[in-house]
Visitor: 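First, the structure itself, so that you have it in front of you.
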Amino acid sequence: MVEGSQNIDALLTEDRRFPPPPAFQEQANVNDPGVYEEAAKDPEGFWARFAEELHWFKKWDKVLEWDPPYAKWFQGGKINVSYNCLDRHVATARKNKAALIWEGEPGDRQVYTYWDLYREVCKFANALKGLGLKKGDRVTIYLPMVPELPIAMLACARLGAPHSVVFGGFSSESLRDRINDSEAKILITADGGFRRGRVVPLKENADEAVKGAPTTEKVIVVRRTGTADDQMNPDTDVWWHDLMEGQSQVCPAEPLDSEDILYLLYTSGTTGKPKGIVHTTAGYLLGTYATTKWIFDLKEDDVYWCTADIGWVTGHSYIVYGPLSNGATSIMYEGTPDYPDRDRFWSIVEKYGVTVFYTAPTAIRTFMRWGTEYPAKHDLGSLRLLGSVGEPINPEAWMWYWEHVGRSNCPVVDTWWQTETGMILISPLPGLTTLKPGSATRPFPGIDAEVVDEGGNAVDLGQGGYLVLKKPWPAMLRNIYGDPERFVQQYWSRYPGIYFTADGCKRDDEGYFWLLGRVDDVINVSAHRISTMEVESALVDHTAVAEAASIGRTDDVKGQAVVAFVTLKEEVPASEELMVELKQHVAGKIGSIARPDDIYFTAELPKTRSGKIMRRLLRDVAEGRALGDTTTLADPAVVEALKERYDEDEA
Ligand code: PRX
C-alpha cells in the first residue's frame with residue numbers, strides 16, 4: 001500500500017473537467033495533440049529540434065549517450081547558459097525589453113532590461129575573475145530575493161563556475177555545511193534582507209558559517225539593509241558595489257562543454273546530510289527553456305511571475321533560467337505576501353499587469369484562509385494562465401485558485417517535478433489538456449513516466465504505486481556532488497536503470513497522474529523538503545534529548561507540518577519551556593522552515609522488533625487517530641499498548 005499525504009478516495013470521485021478555453025487554445029504555443037506521439041516515437045529527435053532554438057558556439061555531435069544511470073546530453077556541443085539568457089536577446093529587438101521587474105518588500109523598485117542585465121552580469125563576472133575565480137571553482141550564494149542574486153548566478157554561468165545557492169532562510173550551520181561540501185572559494189551574501197517588515201541578518205549568519213568553512217577566500221556583500229556596515233572583515237569581506245566599480249561591461253561568455261556543471265543545489269533526502277544535486281549546462285538549459293515555452297505559453301508581451309524564492313529549484317528553473325532563456329519579462333518580489341497587507345500579491349499582479357502567475361498550493365491555501373476579499377480588491381483581469389508547484393494541490397484549493405484568481409477562465413497548470421529532475425516533467429499543456437482539479441495530468445512530451453508496484457510492474461489504470469521515470473530527460477540530475485554511490489543507491493537501485501522519484505502516484509481510468517506525496521522520510525512543509533533525519537539529528541544535538549523521531553503530519557495550510565517525538569535524558573523533566581527551547585533549537589540548527597509545530601515528550605519511542613521507529617504509529621498519534629484526545633505518550637504502557645496493536649496490523 002502506498003501511503004501519501006493525499007486522500008486517494010476523494011481524488012477518484014473528482015469528476016469536474018476543464019477543457020482549454022477556445023480562445024486560449026487558438027493562440028497557444030502548442031496546440032497540436034500530435035506532439036505527444038511524435039515525441040514518444042523519437043524523443044531524441046524531439047529534444048534535438050528544440051535544442052536548435054538555442055545558441056551554440058559549436059553544435060553537438062550526439063544527442064544522448066545513455067549508460068544507466070549516467071546520461072550525457074549533446075556531447076561535443078559548446079554552449080553557454082548566460083549567453084543564451086542575455087547576449088542572444090541583446091542582439092535583437094529585445095535589447096531594451098524589461099527582463100526583470102524587481103520589487104522590494106518596502107516598495108522600492110528596479111527594472112533591468114536585457115541590456116542592463118547583460119552589463120551587470122558582465123561586470124560582476126569580470127569582478128569574480130579579478131578575485132581569481134576560475135572555471136570549475138564553486139561559488140556559494142546566500143542572498144535574499146534581490147537582483148544581485150540572478151546577476152551573480154548568471155555571472156557564474158558565464159565563467160563556468162558552478163554556483164550553489166543557499167536559501168536565505170537557512171541557518172549558519174546549514175550554510176557552513178553546504179560551503180564545506182562544495183569547497184566553495186567565494187561566498188556572496190548581503191547585510192540583510194527584508195521579510196515581513198523585519199531585517200533577516202544574513203551577514204551575521206554568513207560570518208558564523210565562514211568561521212567553520214576554511215575554503216572561503218572572499219565574502220562579497222550586497223548592501224541591502226544597511227545593517228552590517230560595521231561588520232566588514234577587512235581581510236575577507238568586500239562590498240558588491242565597491243567591487244563593481246570600474247569593471248568592464250564586456251566579458252565574453254566562456255564556450256562550455258554541454259556536460260560542464262552549471263550548478264549544485266542542496267536538497268534533503270532520507271539521511272541527515274543534504275545532498276548536492278548536480279545540474280549540467282546544455283540539457284538543463286534546454287529542459288527549462290522548452291518547458292517554460294510550452295507550459296507557461298510565454299509570448300513576447302507576457303508579464304510572468306513565479307513567486308518562489310530563487311534559493312529553491314523552482315526559482316532557479318522558472319525565475320532565472322527558463323524565463324530569461326525565453327526572453328520573457330519576469331517579476332521578482334523580495335518579501336512576504338502579507339506585507340504590508342494580505343493583498344500584496346494581488347496588488348503586484350494589478351500594478352504590473354501580470355499575465356502568467358506561478359505559485360505553490362500552500363500559498364493558495366493561505367489565501368483561501370484569508371478570504372476572497374483580498375483578490376477581489378484588485379483588477380486581476382490581466383491574468384491568462386495560472387500554475388501550481390511544490391506539493392499536491394487539493395481539489396478545493398485548485399477550484400479556489402481557478403475561481404478567485406483566474407476568474408474561471410485561466411487554465412491552471414499543476415506542475416510536478418523535483419530538484420533532481422531540474423525541469424517540470426508532469427503537467428498539462430494549457431492549450432491542449434483537459435484539466436481535472438488536483439491532477440498534474442500527464443507527462444510532458446518526450447518524458448516516459450510510469451506508476452509501478454513493488455516489483456516494478458506498471459500498475460493498471462485506476463491503481464496506485466510509485467512514480468518512476470523510465471527514460472533519461474535533458475535536465476535530469478547527473479550526480480550527487482562528491483557522493484556518486486549515494487546517487488546510484490538513492491535513485492537507481494530500487495529498479496535498476498529506472499529513476500525512482502520517491503513519490504506515490506495513482507493513474508485514473510483515463511491515465512491521468514494523481515500525485516500522492518512522498519513515500520520516503522522526506523517531509524514536504526509548505527512545498528519545501530525537510531528530512532526527518534535532519535530534524536532528528538538537530539534534536540539529539542540538544543543536551544536534554546536522549547532520542548528523537550520526527551514525522552510529517554497533515555496540515556491544512558502547509559501540506560505537512562513537522563512533528564517530533566522526544567525522549568528526554570533521565571534527569572531532565574519535561575516542561576513547556578523546554579518544548580519551546582527545542583523548537584527553537586531545531587530552527588537554529590537548520591532554519592525556521594524546519595521548526596516543529598508540535599513536540600511530544602515520550603518515555604520511549606515506539607519501535608519494531610528490528611528497531612525501526614514506527615512512523616505510521618507516530619503519524620496516527622500526531623493526527624489524533626491513535627490516542628484520541630490524549631496528547632501524551634509519557635506513560636510507557638501507552639507506547640507498549642499501541643505498539644502491540646500496530647505489530648498485529650503490520651503482521
Ligand atoms: O513530492 C513531490 C513534491 O515535491 C517534491 C520535490 O520537492 P523539491 O525537490 O523541493 O522540488 C519542489 C519544486 C519542484 C516531489 O518529490 N511535488 C512537487 N511538485 C508537485 C509535488 N507533488 C505533487 N504535485 C506537484 N505538482
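Note that ligands are numbered from 1 as they come in the structure, with each ligand's atoms numbered from 1 the same way.
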Visitor: Tell me, which protein residue and heavy-atom name are nearest atom 6 (C) of ligand 1, and how many Å apart are they?
Guide: Trp417 O, 3.7 Å
Visitor: Report, in ascending order of atom number, the atoms of ligand 1 lying under 4.0 Å from any heavy atom of Asn524.
Guide: 3 (C), 4 (O)
Visitor: Rounded at 0.5 Å granularity, tell me how far CZ in Phe357 sits from OG in Ser388.
Guide: 10.5 Å
Visitor: I need the single residue from Leu265, Asp181, Ile277 that forms a side-chain contact (heavy atoms from CB on, under 4.5 Å) with Tyr481. Which is it?
Guide: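 Exactly one option meets the side-chain contact (heavy atoms from CB on, under 4.5 Å) with Tyr481, and it is Asp181.
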Visitor: Just need the protein heavy atom nearest to atom 23 (C) of ligand 1, so name the residue and atom and give the distance.
Guide: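 Answer, as residue, atom name and distance: Pro392 N, 3.1 Å.
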Visitor: Could you work out, for atom 17 (N) of ligand 1, the closest of Ser317, Gly390, Gly269 by heavy-atom distance?
Guide: Gly390
Visitor: Applying salt bridge (Lys or Arg N to Asp or Glu O under 4.0 Å), can you list everything that pairs with Arg17, at least two apart in sequence or on another chain?
Guide: Glu510
Visitor: Tell me the protein heavy atom at minimum distance from atom 13 (C) of ligand 1, and give that distance in Å.
Guide: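 Looking only at protein heavy atoms, the one closest to atom 13 (C) of ligand 1 is Thr314 OG1, 3.4 Å.
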Visitor: With respect to Ser388, determine whether any N or O atom, backbone or side chain, lies less than 3.5 Å from an N or O atom of ligand 1.
Guide: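 Checking ligand 1 against Ser388, no N or O pair falls under 3.5 Å apart.
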Visitor: For ligand 1, is any non-hydrogen atom under 4.0 Å from Ile426's backbone (N, CA, C, O), its side chain (CB onward), both, or neither?
Guide: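 The answer is neither; Ile426 stays 4.0 Å or more away.
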Visitor: Is the contact between Thr419 and ligand 1 made by the side chain, the backbone, both, or neither, using heavy atoms and a 4.0 Å cut-off?
Guide: both
Visitor: Arg494: which residues meet the side chain to side chain donor-acceptor pair (under 3.5 Å) condition with it, sequence neighbours left out?
Guide: none
Visitor: Just checking, is any N or O donor in the side chain of Asp503 or Trp416 under 3.5 Å from an acceptor N or O on the other one?
Guide: yes
Visitor: Is the contact between Glu391 and ligand 1 made by the side chain, the backbone, both, or neither, using heavy atoms and a 4.0 Å cut-off?
Guide: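 It is the backbone that touches ligand 1; the side chain stays farther off.
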Visitor: With no hydrogens and no angle check, do the side chains of Tyr284 and Tyr263 hold a donor and an acceptor under 3.5 Å apart?
Guide: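 A donor-acceptor contact under 3.5 Å links the two side chains.
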Visitor: Considering heavy atoms of the protein only, find what lies nearest to atom 15 (C) of ligand 1 and give residue, atom and distance to 0.1 Å.
Guide: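 Minimum-distance protein heavy atom for atom 15 (C) of ligand 1 reads Asp503 OD2, 3.1 Å.
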Visitor: Does Arg507 make a cation-pi contact with Tyr512 (under 6.0 Å, within 45 degrees of the axis)?
Guide: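 That pair does not qualify as a cation-pi contact.
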Visitor: Thr267 versus ligand 1: do any nitrogen or oxygen atoms come within less than 3.5 Å of each other?
Guide: no
Visitor: Examine the side chains of Thr359 and Thr307 and answer whether a donor and an acceptor come within less than 3.5 Å of each other.
Guide: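 Thr307 and Thr359 do have a side-chain donor-acceptor pair below 3.5 Å.
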Visitor: Based purely on interatomic distance, does Arg529 place a nitrogen or oxygen under 3.5 Å from a nitrogen or oxygen of ligand 1?
Guide: yes
